[in-house]
Amino acid sequence: MRMRSSSCSFFLLLVLGLLPLSLSEIRFSEVRNDDRPIVPFDQFGFTHKGRLELNVSRISLSNSNLDLSKVGFFLCTLDSWLHVLQQLEDGEIRCTLQSDLVKSVYTFNSLNGKESFNIEYKENDADQYNLVFANCHPQQLKVSMDVKSAMYNLDGRSNTRDYLSAGRTILPKVYFLLSLVYFALAAIWISVLYKKRLTAFRIHYFMLAVVILKALNLLCEAEDKSYIKRTGSAHGWDIIFYIFSFLKGISLFTLIVLIGTGWSFLKPFLQDKEKKVLMIVIPLQVIANIAQVVIDESGPYGHDWVTWKQVFLLVDVVCCCAVLFPIVWSIKNLREAARTDGKAAVNLMKLTLFRHYYIVVICYIYFTRVVVYALETITSYRYSWTSVVAAELATLAFYIFTGYKFKPEAHNPYFVIDDEEEEAAAESLKLEDEFEL
Ligand SMILES: *[C@@H]1O[C@H](CO)[C@@H](O)[C@H](O)[C@H]1NC(C)=O
């Protein structure tokens with residue numbers, strides 16, 4: 001018990017304390033009467049042929065008698081940004097735009113009274129850059145403008161545009177390969193089900209559905225990412241994609257609850273407690289998916305992006321913690337039964353198996369949420385795909401472990417159903433039939 005709550009709270013601290021990097025494509029933002037000295041817009045990993053297109057319109061300044069060379073856009077790497085902050089603190093410079101560490105893209109003194117400008121900026125030093133707006137007259141000047149920015153790399157000889165940041169450009173291929181792996185797993189599972197159809201339970205068919213949903217979800221993800229790569233905007237299979245992620249989220253959590261409570265193995269029906277857990281998890285998954293849509297549609301610097309990101313992660317953690325309860329309950333029940341029951345040996349064996357499953361679920365949740373999150377934060381922008389791959393490989397391992405341990409098999413210890421349990425199951429079946437009538 002202690003293990004669960006401490007890993008959850010540790011995770012919460014991590015989630016709420018850090019803001020993960022997110023890399024994006026074509027962005028549109030409206031700035032209204034803003035007097036912030038620094039407004040971050042976007043973040044992107046350039047290769048040696050990086051481009052920034054910046055189209056700003058409807059510019060209005062509350063005060064045009066100021067030195068407008070101290071107002072404008074610049075690109076800056078994270079490392080140099082720390083140095084710029086140091087320079088400001090040491091009084092070497094008065095305005096971020098004066099630092100030779102930032103790459104000035106456009107300063108507003110070139111506006112000459114115009115209301116808009118379009119520029120294309122070439123960046124040939126490969127690195128991860130932030131696009132930032134600086135206003136060095138924060139007290140005296142309020143800025144309004146519509147900012148449309150696109151950052152991309154030019155690919156190969158043909159110079160086609162690649163709107164995915166340097167470390168993420170192989171993601172469509174990664175997702176596609178993974179979806180093939182899951183389709184292969186589904187095929188293997190179907191053949192196992194066919195061969196062992198006499199010992200297959202309903203839960204084994206449910207597992208098949210979970211694997212197929214995962215494969216379809218990855219396929220959509222591949223399509224979505226390759227659409228962004230080509231066009232810079234997040235569309236394509238949007239709605240289908242969200243539906244699949246929703247179904248996949250729910251079905252995976254349901255599966256964990258079902259297996260964790262020994263459904264189909266120990267008892268064919270969900271009990272009240274587990275039903276309650278699912279009743280909590282399902283609406284939470286709906287919220288998590290809405291949050292995910294908002295996160296995807298608004299950029300990392302959109303108004304409520306941080307809030308939604310936190311909502312999403314918080315809800316996800318709550319779901320993860322919630323599905324662990326039924327497993328703990330089963331372990332507790334089994335332990336008590338083992339103490340009082342004559343058939344202690346069977347119960348003890350089940351107990352150990354459930355403990356293993358419990359530990360694997362914890363490791364899986366911990367790894368895909370915390371370790372991956374940490375990986376995302378510490379790896380260089382060029383390798384940001386590694387965190388995705390790590391999470392997906394852990395998920396794959398979890399699916400394979402679950403499938404292997406719970407495969408239909410006459411002598412699988414999970415299937416050992418003692419007479420009493422069978423009777424109880426038959427009893428509850430009768431009861432339920434009566435209720436339905
Ligand atoms: C910016 O404007 C140019 C010229 O009007 C246009 O070709 C380009 O597509 C625009 N870029 C963005 C990101 O809107």
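Basis for what follows: all heavy atoms, side chains included, without hydrogens, waters or symmetry-related copies. As the structure lists them, so they are numbered: ligands from 1, and atoms in each ligand from 1.
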Pull out every atom of ligand 1 sitting under 4.0 Å from any heavy atom of [X], numbered as shown with elements.
X	value
E53	8 (C), 9 (O), 10 (C), 11 (N), 12 (C), 13 (C)
A150	13 (C)
N118	2 (O), 4 (C), 5 (O)
K148	14 (O)

Show the atom names and distances, to 0.1 Å, of all donor-acceptor pairs under 3.5 Å that link a side chain in residues 106-118 to residues at least two apart or in another chain.
{"residue": "T107", "atom": "OG1", "partner": "N109", "partner atom": "OD1", "Å": "2.6"}
{"residue": "S110", "atom": "OG", "partner": "T107", "partner atom": "O", "Å": "3.1"}

- Task: Name all pairs fulfilling the disulfide bond (SG atoms under 2.5 Å apart) condition that reach into residues 37-130, sequence neighbours left out, sorted by first residue then second.
- Result: C95-C136

- Query: Under 6.0 Å between ring centres, would you say that holds for Y399 and Y182?
  - Reply: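 For Y399 and Y182, the ring centres are under 6.0 Å apart.
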
- Query: Between the side chains of D127 and T77, does any donor sit under 3.5 Å from an acceptor?
  - Reply: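 D127 vs T77: no donor-acceptor pair found between side chains.
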
- Query: Counting only heavy atoms on the protein side, is anything nearer than 4.0 Å to atom 7 (O) of ligand 1?
  - Reply: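 It does not; no protein heavy atom is within 4.0 Å.
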
- Distance, nearest 0.5 Å, that separates OH of Y381 from CD of Q43: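 The distance works out to 11.5 Å.
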
- Message: For the 3.5 Å polar cut-off, considering only N or O atoms, please tell me whether S149 and ligand 1 meet it.
- Response: no

- Item | Face-on cation placement of R197 at Y194 ring, 6.0 Å and 45° thresholds |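 Yes, R197 and Y194 form such a contact.
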
- Message: Please list the nearest protein heavy atom to atom 2 (O) of ligand 1 with its residue and the distance rounded to 0.1 Å.
- Response: N55 ND2, 2.4 Å

